Structure formats: C-alpha cells, structure tokens
Amino acid sequence: MTQPVKNEYYTSTVLDYTHQGLGVVKIDNYPIFVQDVLKDEKIEFKVIKANKKFGYGKMTKLIEPAAERIVPPCEYYYQCGGCQIQPLSYNEQQGFKKGTVEANINRQAKLGVDVHDTIGMASPDHYRNKSQIPVQKVDGELKLGLYRPRSHDIIDIKHCMIQKNIHNDIMNDVRELLKMFNISIYDERRHKGLLRHLIIRSNHDDSEVQVGFITNGHKNPFGDIIKILVEKFPVITSVVQNINMDKTNVIYGSKTKVLHGAEYITDELLGKKFNIRSRSFYQVNHEQTEKLYTEALKIADLKGDETIIDTYCGIGTIGQVAADHVKKIIGIEVVDSAVEDARENAKLNGIDNAEYHLGKSEVVMKQLVADGVKPDVVFVDPPRKGCHQDFLDSLVEVAPEKIVYISCNPSTLQRDLKILHEQGGYSVSPVTPVDLFPQTNHVEAVTMLTKD
Ligand SMILES: C[S@@+](CC[C@H](N)C(=O)[O-])C[C@H]1O[C@@H](n2cnc3c(N)ncnc32)[C@H](O)[C@@H]1O
C-alpha cells in the first residue's frame with residue numbers, strides 16, 4: 001500500500017460509503033474518503049489530507065455520474081452543515097442507511113443477522129418538529145440559520161428544507177423583529193450580549209407551537225416581539241426563555257421561565273397524548289417515530305401480562321404507547337423535566353400502571369434488580385453513546401425474555417448487541433433501519449434480542 005501524495009490528482013471509482021456518508025475510493029488499497037460522491041461513480045479527486053492509514057479527498061471532476069445522483073434540493077446544501085447526503089436520491093439514501101447498519105452488525109460485530117430495507121418517509125422534507133437556530137451578529141448583520149460544517153459561522157438561512165415550514169416562517173419574522181427592536185445578540189468570543197439561540201418546536205399538525213429564547217442573562221426584552229408573533233401566529237401557545245450564562249456549546253441552561261401561554265406543547269403519538277417541556281427529549285420526526293414505535297411493538301409481540309422496563313424513556317412515549325398491552329411499566333430517565341413530563345403524561349393518558357424513576361439507567365437498573373424487579377421485556381433507547389457497561393451487566397443479570405433495542409448510532413448498537421449476545425446468551429433478530437432523519441447521515445434502527 002503506497003500512500004498517495006497530498007495535493008495530487010487521481011482518478012478512481014467510488015466503492016462504498018463510510019458511516020458518515022462519504023464515498024470511499026482506493027489508490028493501491030489506501031482508502032480515501034470523498035464528500036458528495038455516490039457509489040459506482042468514476043471521479044477525479046485531489047488528495048487534501050493523507051494520514052498513515054487513510055486520507056481525505058475533494059472531487060474535482062465527475063467523470064461518470066451514478067443514475068441515483070440528483071441536484072441537492074436545498075440551495076444552501078454546499079455551505080451548510082445541517083444535511084450531508086442531499087446529492088443521493090432518496091432511494092440511494094435509504095440504501096446507504098441499510099448498508100451502514102449491515103456493515104456494523106455483520107462486518108464489524110459479525111452477528112450474521114438479516115437487515116431489512118430502510119423504512120422511509122413518504123415525502124422526505126419539512127419534517128423537523130424542533131429547530132435549534134443559533135443567532136449571530138457579524139459586522140452589524142444579523143444571522144439566523146445553521147452552522148457551516150465544522151465551524152461556528154452561521155449561514156443566514158431563509159428556508160431550511162428539513163425544518164417545518166411554519167418554523168421557517170417564524171424564524172424569518174423573528175429575524176426582522178430582532179432588528180426592529182434592536183435586541184442585544186450574544187457574541188460567543190467576548191461572552192457578551194443576550195440572545196444565543198431561537199428554538200421552535202411544534203406538534204404534528206402545527207396546532208401548538210413553542211418558541212424559546214435562549215439567553216445569556218435574565219433580561220427579557222421580548223414583550224413586543226411576542227405580542228406581534230402571537231397575533232400573526234395564534235398557534236404559538238407557549239413562549240419560554242431559558243437562561244444559559246455559561247461559556248459553552250451546550251444550548252440549554254438549567255433555568256426556564258414561561259413568557260407566554262403554557263410551559264409545554266402537547267402532541268399526539270399513536271393515539272396517546274404527550275406534554276413536552278422545552279428541555280425534554282422528543283423525537284424530531286413525527287411520521288417516522290410512529291413507524292418506529294409500531295415496528296418496536298410489533299417485534300415485542302406483547303401479550304398483556306408483562307412487566308416492561310422502558311429505559312432512556314424521555315417523556316415516556318414508548319412505554320405509554322404500549323400501555324394497553326402490558327401489566328406494568330417502569331420508566332427510567334436522567335432528565336428531571338422529562339420524568340415530570342412522563343408522570344404527567346401517564347395521567348393525561350389515563351395510565352395507572354406506570355411508575356417513573358429519575359436517574360441514570362446504569363444506576364437505577366442495578367437498584368431495581370437488587371429490589372427484585374423481574375421485567376419480561378426491556379425497551380432500550382439510549383443516546384448516541386449507547387448503553388453503559390454497568391447497565392448491560394444488570395440486564396444480563398436480570399435476564400428478561402426480550403430486549404427491544406432502538407438505536408440512533410449503528411456503531412454503539414453493534415457494540416452493545418455483541419456484548420448482550422456474548423455475555424447474556426441473547427440471539428439478535430433481524431434489524432430494521434427506520435429513516436428518522438432524511439437528507440442527513442444519521443441512522444436509526446430497531447431490533448430485538450431473545451433468550452436462546
Ligand atoms: C434517544 S432519547 C430516547 C427517548 C425516548 N425513548 C423517545 O423515544 O422519545 C434518549 C433519552 O435518554 C436519556 N438519557 C441519556 N443518558 C441517560 C442515562 N445514562 N440514563 C437514563 N437516561 C438517559 C436522554 O435524556 C433522552 O431522554
């Protein structure tokens with residue numbers, strides 16, 4: 001294997017995708033990753049970085065385009081870091097996601113299980129029900145939008161094709177109102193100024209919208225803006241201000257005040273109602289979340305007499321959607337406002353067989369096992385970093401008959417499945433990718449583990 005020379009040009013055919021959606025080409029077996037190219041395309045590229053074992057390239061000529069190549073539908077695509085795979089037709093995007101799951105589960109973890117076709121969206125745009133919009137003032141010009149890749153420079157965006165249309169409309173009005181009322185804008189280099197982020201969240205039919213201002217300080221100069229916004233968009237049923245005075249990339253601070261209407265918005269998911277407070281996790285794609293949960297419940301095949309643990313439960317969605325088919329639900333979640341939501345949601349849905357525990361899964365699960373709790377089915381839906389080893393140890397110890405694992409990161413999914421297979425003697429059922437994040441390289445998947 002000879003290392004290619006930086007700044008030199010080469011010609012090759014794209015062999016595959018990385019899990020980030022970059023194309024893989026090889027020069028004398030040395031892999032080089034290139035953005036915005038499709039599998040099977042013949043390209044000329046320049047080597048821009050050459051590490052010991054792999055490098056990065058930039059396409060300089062598209063010699064033979066793939067049939068699945070399309071013109072990115074978004075005008076900001078080549079500047080913006082929000083989406084990564086728009087040159088791929090939606091069919092190709094779904095194939096890439098299935099391939100990523102397959103590579104992790106079968107090539108990496110060698111579990112040898114089937115991976116189903118990706119469950120896609122009917123119309124893969126305007127799905128995001130939560131928009132987190134950074135705000136900046138550069139040389140006197142106000143910018144609201146998304147960051148450029150690997151930077152904190154904001155591209156001023158008027159229309160994002162993955163966020164809901166009403167979010168685009170509100171974002172554009174807020175931009176003008178911030179100018180009109182000369183609102184102080186946060187400058188992260190000097191750690192001065194007030195407004196850091198605008199958050200817009202809505203329910204599935206946009207009948208309830210929450211607007212959030214994240215501020216560096218307690219001042220509230222938003223009264224006139226809120227009045228004008230609510231008059232134009234009566235569906236804004238909640239406006240909150242979250243105070244974050246830390247020098248950090250983390251968006252939310254710990255204190256939230258209600259400036260107008262309710263503290264939360266309410267959404268409906270598979271016939272159940274959910275109150276969602278501003279800091280609680282809620283899946284961003286309603287249509288696809290219903291498909292994901294339906295798949296999870298289908299494979300769990302609940303009979304009605306089971307005790308289930310719904311861990312990493314957020315506001316209690318999965319467990320409560322399953323409530324009519326189980327004897328008891330035990331939820332575990334680390335964010336306090338989400339646990340508060342989950343308890344309230346159980347009442348809202350007339351569910352009296354659910355209890356919620358605040359804390360880390362790895363700690364609470366151990367305690368539950370020590371207390372003699374014997375779940376029949378455990379639903380696991382961790383963040384990207386996957387499950388903590390202590391949690392997996394407790395799971396192996398308590399040995400539920402079924403574990404339904406929902407994952408937003410195939411790499412930690414394969415790691416955890418392998419552990420449960422090797423240490424717990426579980427068999428892994430076929431894995432189904434569900435596309436929760438069209439146009440981006442994020443991959444969601446669901447599977448079940450059963451005792452042999
Ligand atoms: C991917 S979300 C899933 C939430 C929920 N199951 C749903 O579908 O809406 C992961 C959740 O795990 C929570 N979380 C993160 N680390 C945790 C931990 N160590 N223990 C318990 N919950 C945790 C997060 O706050 C978040 O609500």
Side-chain angles (χ1 to χ4, degrees), residues 127-130 201 203-204 250-252 254 264-270 272-297 300 308-323 329-346 349 354-369 377-395 403-413 416 432-437 440 442-447:
Y127 60 86
R128 278 198 70 96
N129 60 22
K130 184 183 189 186
R201 203 172 207 186
N203 63 358
H204 73 284
V250 175
I251 296 179
Y252 288 91
S254 53
Y264 48 76
I265 54 168
T266 305
D267 201 5
E268 223 178 277
L269 206 54
L270 294 172
K272 295 283 190 297
K273 284 194 161 66
F274 295 97
N275 290 348
I276 315 157
R277 281 184 175 72
S278 64
R279 283 180 55 237
S280 304
F281 178 92
Y282 185 64
Q283 298 285 4
V284 296
N285 186 332
H286 184 272
E287 173 185 327
Q288 293 302 98
T289 301
E290 290 200 329
K291 293 182 194 164
L292 175 72
Y293 289 179
T294 301
E295 186 64 24
L297 293 185
I308 66 164
I309 291 189
D310 175 12
T311 183
Y312 305 93
C313 72
I315 59 171
T317 43
I318 298 173
Q320 294 187 26
V321 162
I329 304 160
I330 302 170
I332 310 173
E333 165 62 46
V334 78
V335 171
D336 54 358
S337 76
V339 171
E340 210 180 312
D341 285 340
R343 289 182 182 138
E344 234 174 71
N345 291 332
N349 290 312
E355 65 181 48
Y356 289 93
H357 297 258
L358 173 64
K360 291 185 174 170
S361 292
E362 53 271 29
V363 177
V364 177
M365 189 73 181
K366 208 183 232 167
Q367 191 56 51
L368 291 174
V369 176
V377 184
V378 177
F379 288 85
V380 179
D381 185 9
R384 286 183 59 74
K385 66 179 182 216
C387 298
H388 194 286
Q389 180 64 48
D390 289 353
F391 170 75
L392 295 174
D393 289 346
S394 299
L395 211 47
I403 301 167
V404 178
Y405 195 130
I406 296 178
S407 157
C408 56
N409 184 352
S411 157
T412 51
L413 173 68
D416 293 349
T432 305
V434 183
D435 193 15
L436 256 62
F437 314 99
T440 80
H442 294 288
V443 180
E444 187 92 11
V446 57
T447 187

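Each ligand, and each atom within it, is numbered from 1 in the order the structure gives. Residue numbers start at 1 and run along the sequence shown. Keep in mind it's a predicted model, so treat the numbers as computed, not measured.
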Please tell me whether Tyr312 and Phe391 form a close aromatic pair, meaning their ring centres lie under 6.0 Å apart. yes

Could you pull out all residues at least two apart from Arg277 that satisfy salt bridge (Lys or Arg N to Asp or Glu O under 4.0 Å)? Glu263, Glu340, Asp341, Glu344

Option passing side chain to side chain contact (heavy atoms under 4.5 Å, CB included) with Gln283 (candidates Ile318, Asp381, Asn129, Asp267): Asp381

Between the protein and ligand 1, are there any N or O atom pairs that come within less than 3.5 Å of each other, and if so, what are their names and distances?
{"residue": "ligand 1", "atom": "6 (N)", "partner": "Tyr312", "partner atom": "O", "Å": "3.0"}
{"residue": "ligand 1", "atom": "6 (N)", "partner": "Asp381", "partner atom": "OD2", "Å": "2.9"}
{"residue": "ligand 1", "atom": "8 (O)", "partner": "Gln283", "partner atom": "NE2", "Å": "3.3"}
{"residue": "ligand 1", "atom": "8 (O)", "partner": "Tyr293", "partner atom": "OH", "Å": "2.5"}
{"residue": "ligand 1", "atom": "8 (O)", "partner": "Asp381", "partner atom": "OD2", "Å": "3.1"}
{"residue": "ligand 1", "atom": "9 (O)", "partner": "Tyr293", "partner atom": "OH", "Å": "3.4"}
{"residue": "ligand 1", "atom": "9 (O)", "partner": "Thr317", "partner atom": "OG1", "Å": "3.4"}
{"residue": "ligand 1", "atom": "19 (N)", "partner": "Glu362", "partner atom": "OE1", "Å": "3.2"}
{"residue": "ligand 1", "atom": "20 (N)", "partner": "Ser361", "partner atom": "N", "Å": "2.8"}
{"residue": "ligand 1", "atom": "20 (N)", "partner": "Ser361", "partner atom": "OG", "Å": "3.3"}
{"residue": "ligand 1", "atom": "22 (N)", "partner": "Val334", "partner atom": "N", "Å": "3.3"}
{"residue": "ligand 1", "atom": "25 (O)", "partner": "Glu333", "partner atom": "OE2", "Å": "2.7"}
{"residue": "ligand 1", "atom": "27 (O)", "partner": "Glu333", "partner atom": "OE1", "Å": "2.8"}
{"residue": "ligand 1", "atom": "27 (O)", "partner": "Glu333", "partner atom": "OE2", "Å": "3.3"}

With salt bridge (charged side-chain N to carboxylate O under 4.0 Å, His left out) as the test, would you mind laying out the steps for Glu362 and Lys366 before giving the verdict? CA-CA 7 Å; Glu362 53 271 29; Lys366 208 183 232 167; over 6 Å; no

Mutual orientation of the aromatic rings belonging to His442 and Phe437 [parallel < 30°, tilted 30-60°, perpendicular > 60°]: perpendicular

Looking only at atom types and distance, does a side-chain atom of Gln320 sit under 3.5 Å from a main-chain N or O of Ala342, one as donor and one as acceptor? yes

